[in-house]
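Okay, structure first, notes after.
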Amino acid sequence: MKQPLRPFEDMRAALLAAATPLSAVEEVPTAEALGRVLAVDQLSGLDVPPLDNSSMDGYAVRCADIAAPGTRLRVAQRIPAGSVGHSLEPGTAARIFTGAPVPHGADAVVMQELCTLDGDGVLIDHQPRPGEWIRRAGEDIARGSVVLTAGQRLGPQMLGLAASVGCAALPVFRRLRVALFSTGDELVMPGEPLPPGAIYNSNRYVLRGLLEALGCQVSDLGIVPDSLAATRAALREAAAGNDLILTSGGVSVGEEDHVKPAVEAEGRLDLWLVAMKPGKPVAFGRVDSPAGGADFIGLPGNPVSSFVTFLMLVRPFILRRMGVEDCLPKGIILSAGFDWPRPDRRREFLRARIGEAGRVELFPNQGPGVLSSTVWAAGLVDNPAGHAVTRGEPVSFIPYSELLS
């Protein structure tokens with residue numbers, strides 16, 4: 001009996017429903033938290049900026065002292081960044097630099113380009129308004145406000161924000177531990193002789209790179225021979241001490257495809273076959289072990305199929321397990337610079353990039369083994385099942401920036 005294909009959206013929803021977030025939390029220095037997932041909301045213990053300060057190099061003044069442009073004021077003090085001046089007396093100005101606290105009594109800063117030095121004084125060639133070029137205390141961040149929310153994957157700008165409120169360390173979820181292996185007697189590692197009928201194992205490098213880019217702790221178990229016994233042994237080894245087992249190849253129904261029956265023998269298989277192209281033979285389940293076992297995801301062996309199914313199914317699953325709430329990639333609507341008259345009955349993810357005219361272009365060969373297409377492309381067109389595309393109509397383009405970070 002032919003196995004029915006699970007709709008893509010149903011498969012992804014089922015994977016996310018099964019993705020139990022990690023609970024273990026560790027504290028790491030803020031400088032080492034890049035890519036980690038924040039476990040606890042971070043509140044600011046101070047106002048940023050802490051004092052009213054100048055956003056320009058210039059002169060701090062009292063607006064009431066400047067009745068008209070050309071007013072001369074005596075320069076009574078100099079306030080560089082990192083120092084604090086004294087109260088500004090009426091009829092005087094303070095030379096001030098960007099980031100320096102505005103002295104008490106001053107209510108505006110006049111940029112230096114609108115001023116002319118005149119002995120021990122300065123001619124103010126501009127009539128300022130109260131508040132001009134002053135950054136108010138707490139303007140960026142108010143004391144007690146939430147600056148970072150739990151469930152965010154920390155980027156460089158977030159580390160800077162944490163540092164700006166004095167966070168020397170951050171509570172993050174521990175790294176997801178992933179065991180990776182490939183199956184296939186035809187696979188050979190780069191650097192080894194390539195016998196007739198053999199191919200170099202590219203999936204190992206692609207998948208390991210994708211996992212490490214997500215911040216996973218990867219155990220690379222290499223290539224497993226095409227036998228049921230060897231595959232079962234590899235699954236048992238991988239389930240010990242890991243959260244997820246990720247494989248490529250061996251999840252179809254050929255006589256040499258042993259991953260599916262091996263998983264069923266060592267645990268259970270919950271999901272299999274998804275209506276997406278490329279990438280139909282995707283499997284999900286659980287491998288048992290005395291320590292509790294590990295989730296299992298099996299990907300196709302074709303290089304592009306493995307790459308695309310990771311990006312569209314495995315990546316959201318991993319992010320959700322890491323504690324990320326917003327884990328789905330976001331597409332942008334652009335005009336198609338191509339015709340796609342013969343769509344598949346499955347949902348398609350087409351390798352594409354944005355051309356000079358701002359329209360989406362397709363790589364000419366969309367075959368599942370054409371790995372060069374993934375390098376040429378800058379993202380994927382998400383095309384609904386059975387949908388023919390006519391040049392000029394809107395399509396959903398998911399850029400690599402949404403998929404590879």
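Every heavy atom of this structure was used, including side-chain atoms; hydrogens, water molecules and symmetry mates were not.
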Report task. Report the C-alpha separation of Val360 and Leu334 in whole Å, then their side-chain angles, then the decisive distance to 0.1 Å, and conclude whether the side-chain contact (heavy atoms from CB on, under 4.5 Å) test is met. Result -> CA-CA 7 Å; Val360 179; Leu334 297 172; 3.7 Å; yes
Requested in this report: First locate atom CZ of Phe97, then atom CE of Met56, and finally report the distance between them rounded to the nearest 0.5 Å.
Outcome: 14.5 Å
**Report entry** Option from Leu246, Val324, Leu176, Leu210 for which side chain to side chain contact (heavy atoms under 4.5 Å, CB included) with Ile318 holds
**Finding:** Leu176
Report summary line: For Pro21, the side chain to side chain contact (heavy atoms under 4.5 Å, CB included) test, sequence neighbours excluded, returns none
Report task. Give the intermediate values and the outcome of side-chain contact (heavy atoms from CB on, under 4.5 Å) for residues Leu43 and Val147. Result -> CA-CA 6 Å; Leu43 278 63; Val147 292; over 6 Å; no
Query raised in the report: Would Glu325 and Arg320 pass as an ion pair if we require N to O under 4.0 Å?
Result: no
Query raised in the report: Taking it one step at a time, do Arg351 and Val304 satisfy side-chain contact (heavy atoms from CB on, under 4.5 Å)?
Result: CA-CA 9 Å; Arg351 280 84 75 199; Val304 177; 3.4 Å; yes
Requested in this report: Please identify each residue that fulfils side chain to side chain contact (heavy atoms under 4.5 Å, CB included) with Arg232, with sequence neighbours left out.
Outcome: Leu228, Arg236, Ala262, Ala265, Glu266
Query - Selection residues 27-41 - residue pairs positive for salt bridge (Lys or Arg N to Asp or Glu O under 4.0 Å), sequence neighbours left out - result: Glu26-Arg36
Report task. Looking only at non-hydrogen atoms, find the nearest pair between Ala106 and Ala60 and report the distance. Result -> CB-CB, 4.0 Å
Query - Partner set under side-chain hydrogen bond (donor to acceptor under 3.5 Å, both in side chains) for Ser401, not counting sequence neighbours - result: none
**Report entry** From CA spacing to verdict: salt bridge (Lys or Arg N to Asp or Glu O under 4.0 Å), Lys260, Glu264
**Finding:** CA-CA 6 Å; Lys260 179 176 176 287; Glu264 290 171 325; 3.4 Å; yes
Report summary line: Interatomic distance, OG@Ser305 vs CZ@Phe349, rounded to 0.5 Å, equals 12.5 Å
**Report entry** Minimum heavy-atom distance Gly279-Val274, with the two atoms named
**Finding:** O-CG1, 3.4 Å
Query raised in the report: Do Val287 and Arg268 come close enough that some side-chain heavy atom pair is under 4.5 Å?
Result: no
Query - Pairs meeting criterion side chain to side chain donor-acceptor pair (under 3.5 Å) with involvement of residues 168-178, two or more places apart - result: Arg174-Asp243
Requested in this report: Decide yes or no for Ile297 and Phe317: does some side-chain heavy atom of the first lie under 4.5 Å from some side-chain heavy atom of the second?
Outcome: yes
Query raised in the report: For Val110 and Cys115, what are the C-alpha separation, side-chain angles and deciding distance, and is it a side-chain contact (heavy atoms from CB on, under 4.5 Å)?
Result: CA-CA 7 Å; Val110 181; Cys115 301; 3.6 Å; yes
Query - His387 and Glu348: side chain donor to acceptor below 3.5 Å - result: no
Requested in this report: Decide yes or no for Leu161 and Ile141: does some side-chain heavy atom of the first lie under 4.5 Å from some side-chain heavy atom of the second?
Outcome: yes
Query raised in the report: Between Val224 and Ala234, which heavy-atom pair has the shortest distance, and what is it?
Result: CG2-CB, 3.6 Å
Query raised in the report: Between CD1 of Ile332 and NZ of Lys330, what distance do you get to the nearest 0.5 Å?
Result: 13.0 Å
Query raised in the report: Any chance the side chains of Asp125 and Thr116 put a donor and an acceptor closer than 3.5 Å?
Result: yes
Query raised in the report: With distance as the sole test, does Gln77 use its side chain to make a donor-acceptor pair with the main-chain N or O of His86 at under 3.5 Å?
Result: yes
Query - Arg12 with Asp10: basic N within carboxylate O range, under 4.0 Å - result: no
Query raised in the report: Hey, is the main chain of Asn203 close enough, under 3.5 Å, to the side chain of Ser306 for a donor-acceptor pair?
Result: no
**Report entry** Test item: Thr92 and Leu73 side chains (from C-beta on) under 4.5 Å apart, heavy atoms
**Finding:** no
Requested in this report: Nearest 0.5 Å please: distance from the OG atom of Ser227 over to the NE2 atom of His258.
Outcome: 6.0 Å
Query raised in the report: Is a donor on one side and an acceptor on the other found under 3.5 Å between the side chain of Arg135 and the backbone of Ser54?
Result: yes
Query raised in the report: So, Glu212 side chain and Gly209 main chain: donor-acceptor pair closer than 3.5 Å or not?
Result: no
**Report entry** Arg204: side chain to side chain contact (heavy atoms under 4.5 Å, CB included) partners, not counting sequence neighbours
**Finding:** Ser182, Met189, Asn201, Asp220
Query - For the student: nearest non-hydrogen atoms of Ala14 and Leu271, plus distance - result: CB-CD1, 3.7 Å
Query raised in the report: With a distance cut-off below 6.0 Å to the six-membered ring centre and an angular limit of 45° from the axis, does Arg346 pair with Phe8 as a cation-pi contact?
Result: no
Query - Nearest heavy-atom neighbours spanning Leu362 and Val381 - result: CD2-CG2, 4.3 Å
Requested in this report: List in chain and number order the residues that pass side-chain hydrogen bond (donor to acceptor under 3.5 Å, both in side chains) with Glu237, two or more places apart in sequence or in another chain; answer none if no residue qualifies.
Outcome: none
Query - Pairs involving residues 136-153, ordered by first then second residue, that meet side chain to side chain donor-acceptor pair (under 3.5 Å) (sequence neighbours left out) - result: Asp52-Arg136
**Report entry** Point-to-point distance, once rounded to the nearest 0.5 Å, from CG of Asp344 to NZ of Lys280
**Finding:** 9.5 Å
Requested in this report: Scan residues 294-318 for pairs that pass salt bridge (Lys or Arg N to Asp or Glu O under 4.0 Å), counting only residues two or more places apart or in two chains.
Outcome: Arg286-Asp295, Asp295-Arg321
Query - side-chain hydrogen bond (donor to acceptor under 3.5 Å, both in side chains) involving Gln217 - partner list, sequence neighbours excluded - result: none
Query - Atom of Gly249, atom of Val259 and distance for their closest heavy-atom approach - result: O-CG2, 3.4 Å
Query raised in the report: With distance as the sole test, does Thr183 use its side chain to make a donor-acceptor pair with the main-chain N or O of Asp226 at under 3.5 Å?
Result: no
Query raised in the report: Is the shortest heavy-atom distance from the side chain of Val172 to the side chain of Val40 under 4.5 Å?
Result: no
Query raised in the report: Is Asp107 salt-bridged to Arg62, going by a charged N under 4.0 Å from an acidic O?
Result: no
Query - Any donor-acceptor pair under 3.5 Å from Glu361 side chain to Arg359 backbone - result: no
Report task. Quick one: list whatever passes salt bridge (charged side-chain N to carboxylate O under 4.0 Å, His left out) with Asp118, sequence neighbours left out. Result -> Arg72
Requested in this report: Using modelled atom types only, decide if a donor and an acceptor are shared between the side chain of Tyr59 and the backbone of Val75 within a distance under 3.5 Å.
Outcome: no
Requested in this report: Using the salt bridge (Lys or Arg N to Asp or Glu O under 4.0 Å) rule, collect all pairs that involve residues 387-405, keeping only residues at least two apart or in two chains.
Outcome: Asp339-Arg391
Query raised in the report: Any side-chain heavy atom of Asn365 within less than 4.5 Å of one from Ser373?
Result: no
Query raised in the report: Which distance, rounded to the nearest 0.5 Å, do you find between the CD of Glu89 and the CG of Asp65?
Result: 11.0 Å
Requested in this report: Answer whether the closest heavy-atom distance between the side chains of Thr98 and Trp133 falls below 4.5 Å.
Outcome: no
Query raised in the report: Okay, side chain of Tyr200, backbone of Glu192: is any donor-acceptor separation there less than 3.5 Å?
Result: yes
